[in-house]
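If you're wondering where the values come from, they're calculated on a predicted model, not measured in any experiment.
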Amino acid sequence: MTRDLPAWRSLLYVPASAEKFVARAHERGADAVILDLEDGVAPDAKAAARAGLPASVASVRRGGADVLVRINRPLRLAAQDIAAAVGAGADALVCTKIMGAEHVRLLSELTAESEAEAGRAIGSVRFVVLVEDAPALAHAQAIAAADPRVVALGVGGEDLATDLGAEPTPDALDLPKRMGLVAARAAGVLPLGFIGTVAGLKDLDGYRAMLRRSRAIGFASASCVHPSQVPILNEEYGARPEEVERAKRLVAAFEAALADGKGAVAFEGDMIDKPVVDRARRVIARAG
């Protein structure tokens with residue numbers, strides 16, 4: 001399955017009810033800003049946060065970031081959140097505690113109704129789907145492939161650990177996170193996240209090392225909760241200049257070999273073939 005995927009590296013969570021954080025979110029350098037209506041907003045503040053979405057979306061978009069809204073799980077609240085987010089011009093929804101493929105399709109139907117009401121193109125609002133309990137994890141690939149709106153899948157470590165009766169440690173989350181990664185790649189969407197726990201804000205070196213390992217495993221982007229984490233995410237999940245230049249040389253060498261009727265070729269001490277070249281092409285595409 002081939003989809004038009006966003007080139008997100010960093011997605012910064014901002015509580016939609018926190019005006020001072022919303023006001024500066026566009027300055028943080030994140031590829032996307034997630035206006036949170038779920039866990040980051042107290043129950044008695046959700047209605048006001050929802051009503052303020054038009055101004056919040058316009059504010060955080062000023063720096064060029066995509067704007068996402070994280071919606072609540074209870075269907076009554078989800079329907080209200082979707083209508084408000086779509087009407088406010090959000091680019092995508094972060095759909096929480098997904099139960100299965102039918103759940104995704106139901107949310108897509110609600111979104112289409114809101115798009116029609118707002119005069120937006122049907123299908124224009126994309127989904128990031130979050131798997132956050134054990135039953136849903138068993139259906140992660142079906143969830144990721146359930147609807148064309150889905151462009152990314154993540155496994156929610158804290159909620160999943162609670163459901164498993166485990167601590168949210170790297171050991172406990174390693175397998176579930178890898179399952180989410182494989183499911184996302186199999187469905188042709190972005191694997192969102194990392195294997196590990198969110199390092200303390202004073203241990204940014206540890207945070208960087210965790211991201212570097214996670215990217216090497218295959219993760220493409222991740223969300224964060226503090227502005228100090230954004231530049232590290234952008235560096236570790238982005239395409240480094242030297243990496244892009246090597247990828248360009250590799251593709252050129254392979255294309256020259258193909259022109260000579262060869263399917264594999266030696267390149268800078270390694271043998272390369274089509275899978276290696278495909279990875280190089282993805283690096284180049286990710287660099288824009």
Side-chain angles (χ1 to χ4, degrees), residues 5 8-15 30-32 34 36 38-40 68 70-73 93-101 103-104 127-146 150-226 228-230 232-238:
L5 301 180
W8 295 330
R9 300 162 298 174
S10 56
L11 299 92
L12 175 65
Y13 274 106
V14 177
D31 295 328
I34 303 173
D36 188 15
E38 198 211 16
D39 290 345
L68 291 73
R70 180 162 75 162
I71 65 174
N72 289 277
R73 156 71 183 274
L93 304 175
V94 179
C95 303
T96 59
K97 300 176 177 64
I98 293 296
M99 295 181 287
H103 188 187
V104 177
F127 284 179
V128 173
V129 291
L130 300 183
V131 170
E132 300 182 84
D133 60 29
L137 184 62
H139 303 286
Q141 185 175 336
I143 289 170
V150 179
V151 293
L153 177 141
V155 173
E158 295 290 336
D159 285 284
L160 181 63
T162 299
D163 191 56
L164 295 175
E167 295 294 326
T169 62
D171 282 347
L173 296 175
D174 187 280
L175 177 59
K177 292 277 191 173
R178 288 177 189 264
M179 290 174 65
L181 187 157
V182 172
R185 291 296 188 190
V189 305
L190 294 177
L192 179 72
F194 46 76
I195 295 181
T197 56
V198 177
L201 297 177
K202 293 182 180 179
D203 184 18
L204 294 180
D205 289 338
Y207 183 68
R208 181 183 296 277
M210 178 189 67
L211 293 177
R212 186 164 297 180
R213 173 175 177 264
S214 298
R215 186 193 175 191
I217 291 169
F219 286 94
S221 58
S223 60
C224 61
V225 296
H226 195 274
S228 66
Q229 297 168 324
V230 170
I232 302 173
L233 266 174
N234 287 345
E235 291 171 11
E236 295 304 327
Y237 278 4

Under 4.5 Å between any side-chain heavy atoms of [X] and [Y], yes or no?
X: Asp31; Y: Asn234; result: yes
X: Leu93; Y: Leu68; result: no
X: Ile195; Y: Phe219; result: yes
X: Glu236; Y: Arg213; result: no
X: Leu153; Y: Val131; result: yes
X: Glu132; Y: Leu160; result: no
X: Leu173; Y: Phe194; result: no
X: Asp159; Y: Asp133; result: no

Going through the checks in order, is the side-chain contact (heavy atoms from CB on, under 4.5 Å) test met by Ile98 and Thr96? CA-CA 6 Å; Ile98 293 296; Thr96 59; over 6 Å; no
Atom CD of residue position Glu235 - does it have more than 12 heavy atoms of other residues, nucleotides or ligands inside 6.0 Å? yes
Taking [X] for the side chain and [Y] for the main chain, is one N or O donor matched with an acceptor at less than 3.5 Å?
X: Arg73; Y: Lys97; result: yes
X: Lys177; Y: Val155; result: yes
X: Ser10; Y: Ser221; result: no
X: Arg185; Y: Gly218; result: yes

Scan Asp39, Leu11, Val128 and name whichever one has a side chain to side chain contact (heavy atoms under 4.5 Å, CB included) with Arg70. Asp39
Could you give me the CA-CA distance, side-chain angles and deciding distance for Phe127 and Val151, then say whether side-chain contact (heavy atoms from CB on, under 4.5 Å) is met? CA-CA 6 Å; Phe127 284 179; Val151 293; over 6 Å; no
Check against side-chain contact (heavy atoms from CB on, under 4.5 Å), Ile34 and Val14: CA-CA 6 Å; Ile34 303 173; Val14 177; over 6 Å; no
Restricting to non-hydrogen atoms, name the atom on [X] and the atom on [Y] that form the minimum distance, rounded to 0.1 Å.
X: Pro168; Y: Gly157; value: CB-O, 4.5 Å
X: Arg9; Y: Gly238; value: CD-CA, 3.5 Å
X: Val150; Y: Ile143; value: CG2-O, 4.2 Å
X: Ser223; Y: Leu192; value: N-CD1, 4.1 Å
X: Ala134; Y: Leu164; value: CB-CD2, 4.0 Å
X: Leu5; Y: Gly188; value: CD1-O, 3.5 Å

Distance in Å, [X] [atom1] paired with [Y] [atom2], rounded so as to fall on 0.5 Å steps:
X: Tyr207; Y: Ser228; atom1: OH; atom2: OG; answer: 8.0 Å
X: Asp205; Y: Met210; atom1: CG; atom2: CE; answer: 12.5 Å
X: Glu38; Y: Ile71; atom1: CD; atom2: CD1; answer: 9.0 Å
X: Met179; Y: Asp174; atom1: CE; atom2: CG; answer: 12.0 Å

